[in-house]
Amino acid sequence: VCQLGREAGEPVLWARGVLRVTKENMASVVEVMVGTRRLQGVRKISIMGQTVSDELIQAMERERGLRSVNMANSKLTEVEPELLAIAVSGLEEVNMSRTQLTNQQAEAILIAVCAGRSFLKTLNISLTNLSSVEVGLLARAVNSLEEINISNTKLTQLQTKEILTAVCAGGSRLKILSIRSNKLSS
């Protein structure tokens, strides 16, 4: 085995790059993540534009060094809500923009964020319909994060009011709130 091949399996190498998961390599990535320690140094994964499976989410959840996942434009509708919530809450940064999240998945993620055991700091769930998410849950989750993008999520006026009231009440960790393209007034 050449030195480059050996180094490609070294955790130190993976700490500096982004592992890109495609339709073509998804099964192999899951197999390597589950079966070996070769990818234990992976800090960032990009799964953009893919149909994501429970198996991939389970493999991500086991990777303790994983900090950031970009799933923008991916199809997550088949992933079990609690499994997705556990995996997301173990990360620091997640982009789930335009992922066709179900209401059950969105609520499971927000409940996990509010539970106090979450490491999540930054969440992008823009372009996801959140209009059916319970008002208080959404406001508590927003205030538990440092940064959230909930732009173009079809928020109701009541949800928007509750979020902004909670932010202004103090005690929020929130530093950046992107909320554009929602109904902000009557």
Side-chain angles (χ1 to χ4, degrees), residues 18-22 43-52 56-57 60-61 66-186:
V18 176
L19 176 62
R20 299 207 187 285
V21 180
T22 64
R43 300 287 181 258
K44 295 182 179 185
I45 293 181
S46 177
I47 315 167
M48 294 174 52
Q50 306 301 316
T51 297
V52 178
L56 180 59
I57 298 296
M60 286 173 21
E61 194 264 328
L66 189 58
R67 295 290 169 250
S68 176
V69 175
N70 184 351
M71 294 184 266
N73 300 310
S74 293
K75 183 179 177 196
L76 297 175
T77 54
E78 302 301 317
V79 177
E80 196 270 316
E82 279 68 33
L83 174 62
L84 185 60
I86 289 167
V88 167
S89 66
L91 300 167
E92 292 177 5
E93 179 181 1
V94 178
N95 182 350
M96 303 174 88
S97 177
R98 195 178 285 167
T99 54
Q100 303 172 22
L101 282 179
T102 66
N103 191 57
Q104 292 80 12
Q105 289 170 322
E107 287 190 348
I109 291 166
L110 297 175
I111 288 168
V113 166
C114 293
R117 297 181 309 271
S118 176
F119 294 99
L120 196 61
K121 295 177 183 177
T122 302
L123 178 62
N124 181 346
I125 50 175
S126 62
L127 297 159
T128 298
N129 186 348
L130 298 178
S131 64
S132 298
V133 172
E134 193 268 315
V135 175
L137 172 62
L138 185 57
R140 285 189 310 278
V142 165
N143 285 288
S144 298
L145 296 165
E146 291 179 13
E147 181 178 346
I148 188 164
N149 185 340
I150 49 175
S151 299
N152 206 341
T153 53
K154 301 183 180 180
L155 295 179
T156 66
Q157 289 178 347
L158 183 58
Q159 287 171 317
T160 303
K161 179 182 176 187
E162 188 72 22
I163 289 167
L164 297 176
T165 300
V167 169
C168 292
S172 177
R173 293 179 56 202
L174 192 65
K175 295 176 183 172
I176 300 172
L177 172 63
S178 295
I179 195 170
R180 69 179 183 275
S181 299
N182 283 294
K183 194 171 188 178
L184 301 178
S185 63
S186 50

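Position 1 is the first residue of the sequence, and the numbers go up from there.
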For the CG atom of N129 and the OG1 atom of T102, what is their distance to the nearest 0.5 Å? 11.0 Å

Return yes if some donor-acceptor pair links the side-chain N/O of N182 with the main-chain N/O of K154 below 3.5 Å, else return no. yes

Backbone of V79 reached by a side-chain donor or acceptor of Q105 within 3.5 Å: yes

Look only at the side chain of R173 and the backbone of E146, and say whether a donor-acceptor pair between them is shorter than 3.5 Å. no

Considering all heavy atoms of both residues, which atom of A139 and which atom of A166 are nearest to each other, and what is their separation? CB-CB, 4.2 Å

Step by step, would you call V133 with L155 a side chain to side chain contact (heavy atoms under 4.5 Å, CB included)? CA-CA 9 Å; V133 172; L155 295 179; over 6 Å; no

In terms of heavy-atom contacts, E107 and L137 come closest through O-CD2, 3.9 Å

Rounded to the nearest 0.5 Å, how far apart are CD of E78 and CD1 of I57? 12.5 Å

Between the CG atom in L130 and the CG atom in N152, the distance rounded to the nearest 0.5 Å is 10.5 Å

Taking every non-hydrogen atom, the tightest pair across L120 and E93: CD1-N, 4.0 Å

Nearest 0.5 Å, please: how far is OG1 in T153 from CG in L101? 11.5 Å

If you define the side chain from C-beta out and look only at heavy atoms, does anything of I150 sit under 4.5 Å from L177? yes

For the backbone of V52 and the side chain of S74, can you confirm whether one donor and one acceptor N or O come within less than 3.5 Å of each other? no

We want to know whether S126 and S97 form a side-chain donor-acceptor pair, criterion being a heavy-atom distance below 3.5 angstrom. yes

Closest non-hydrogen contact found for S144 with C114 is OG-CA, 4.2 Å

Min side-chain heavy-atom separation E147-N149 under 4.5 Å: no

Can you tell me how far the OG1 atom of T128 sits from the CD atom of Q100, to the nearest 0.5 Å? 9.0 Å

Could you check whether any side-chain heavy atom of L84 comes within less than 4.5 Å of a side-chain heavy atom of M96, counting everything from C-beta outward? yes

For I148, run the side-chain contact (heavy atoms from CB on, under 4.5 Å) check against I163, V113, L174, N143 and tell me which one passes. L174

For the side chain of Q50 and the backbone of M48, is there at least one donor-acceptor N/O pair under 3.5 Å apart? yes

Looking at I179 and S151, what are the two nearest heavy atoms and their distance? N-OG, 3.7 Å

V135 versus Q159, closest heavy-atom pair with distance: CG2-CG, 3.9 Å

Distance from R67 atom CZ to T122 atom OG1, nearest 0.5 Å? 13.5 Å

